[in-house]
Protein chains: 2
Amino acid sequence: METPAIVKGVLRPDVKFQQCPIKASMGVFGRKWTMLLLRDIGFRKIDRFNHLLESIPGLTPRVLSMRLRELERDGIIRKMDDQTSPGIVRWTLTEKGEDALPILMRLIAFGSKWYAKDVFEDKVPRSLNEIFTKPEAQQIVQRLYES
Amino acid sequence: METPAIVKGVLRPDVKFQQCPIKASMGVFGRKWTMLLLRDIGFRKIDRFNHLLESIPGLTPRVLSMRLRELERDGIIRKMDDQTSPGIVRWTLTEKGEDALPILMRLIAFGSKWYAKDVFEDKVPRSLNEIFTKPEAQQIVQRLYES
DNA sequence: CTGCATCCGATCGGATACTG
DNA sequence: CAGTATCCGATCGGATGCAG
């Protein structure tokens, strides 16, 4: 049987699972480049096809096109209408896409603590608080506490 | 250049990035079955090879063996010495592995909200609080607030 | 500028059988 | 029980070139 995600005693007994939510989520986020794409669109506000291509070394137009289409079909990103510039396509997160950012934050936290040798020049592990500046960061980190 | 993960204004200027922490983290967690394995070892305390094999439909011994080896090499899981039963291997999370659970929690939160049609029998989206029972769950969810 | 088409090589992982 | 070994098919994605 498809199994509930967490140990029995901790789960509300009245909640009936059909499929594991982790498995469901990984369907989208499991593909190569997807997380880095969400990082660039969501955090860095890189919204143009060619800019995304430049910002992610190794990513090819073919795969970028595929990922954008998948994320769009899944309702995680959408094209913004920018009528001022014709022929220009801009990608943004939907509400669903914004909800994916806490996952990214946790990947950042994990990577900054456990892969500091690769991540930081000084090779010193850091927590989220040690990476982000106070005021703005709090707003982003706040998202972790929502929902 | 390999780029910092987040918009410039939000990042502490003195923190020099060498590689993106998201990219670093995805190296391990990006592979097929890995997240479900961590779910079963970390949350459900399924610790035996054959039990893991049964608990995850579609997973084959070959791939399970590979994933366990990768996770072990990366320091995320380890074999527990259980001297009472000879020939029995038990897998547990290391401290590093425990630190991966908040990522799983976020995947659960996302999946429960946005893939409710697949996840729940009654197809109703739920937040984490609506999935877990009060006392024990708080301890798990607390992990989200640490580090 | 934003993609799509074609081609092809590498890799990943599924099936099955087998071993200490 | 806890894995390995071998084989092979599918998929994924890189390279390149082209189109609206």
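Letters go in sequence order (proteins before strands), and every chain restarts at 1.
Applying the side-chain hydrogen bond (donor to acceptor under 3.5 Å, both in side chains) rule to B:Trp33 yields no partners; only residues at least two apart in sequence or on another chain are considered. Considering only residues two or more places apart in sequence or on other chains, A:Lys123 meets the side-chain hydrogen bond (donor to acceptor under 3.5 Å, both in side chains) condition with B:Gln18.
Comment: A:Lys23 does not engage B:Asp118 in a salt bridge, judged by the lack of any side-chain N to carboxylate O separation of less than 4.0 angstrom. No salt bridge links A:Glu70 with A:Arg73; every basic N to acidic carboxylate O contact stays at or beyond 4.0 Å.
Between the CG atom of A:Leu64 and the P atom of C:dG3 there is a distance of 8 Å, given to the nearest Å. For the pair B:Glu54 CD and D:dG3 P, the interatomic distance rounds to 14 Å; values are reported in whole Å. The interatomic distance linking A:Lys79 (NZ) with C:dT2 (P) rounds to 11 Å, in whole Å. Summarising the geometry, the separation between CD on B:Glu72 and P on D:dG3 is reported as 9 Å, rounded to the nearest angstrom. At whole-Å resolution of the value, NE2 in B:His51 and P in D:dA2 are 7 Å apart. A:Asn50 places its CG atom 9 Å from the C1' atom of C:dG3, with the value rounded to the nearest Å. Taking atom CG on B:Leu52 and atom P on D:dG3, their separation rounds to 10 Å, with Å as the unit. The CZ-P distance, from B:Phe49 to D:dA2, rounds to 8 Å in whole Å.
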remark   = A correct 5'-to-3' footprint of nucleotides 9-16 of chain C, with B, S and - meaning base, sugar-phosphate only and no protein heavy atom under 4.0 Å, is ----BBB-
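Panel note: side chain B:Thr34, backbone B:Phe29; no donor-acceptor pair is recorded below 3.5 Å. Listed for the B:Lys79 side chain is no donor-acceptor partner under 3.5 Å among the backbone atoms of B:Glu72.
Among the nucleotides C:dT2, D:dT4, D:dA2, the one closest to the side chain of B:Ile88 is D:dA2. Each of D:dT4, C:dG3, D:dA2 was ranked by its minimum atom distance to the side chain of B:Val89; first place goes to D:dA2.
Residues A:Trp91 and A:Val89 share a closest heavy-atom pair of NE1-CG1, 3.8 Å.
As judged by a 4.0 angstrom heavy-atom cut-off over every strand, A:Arg69 is placed among residues touching the sugar-phosphate backbone only.
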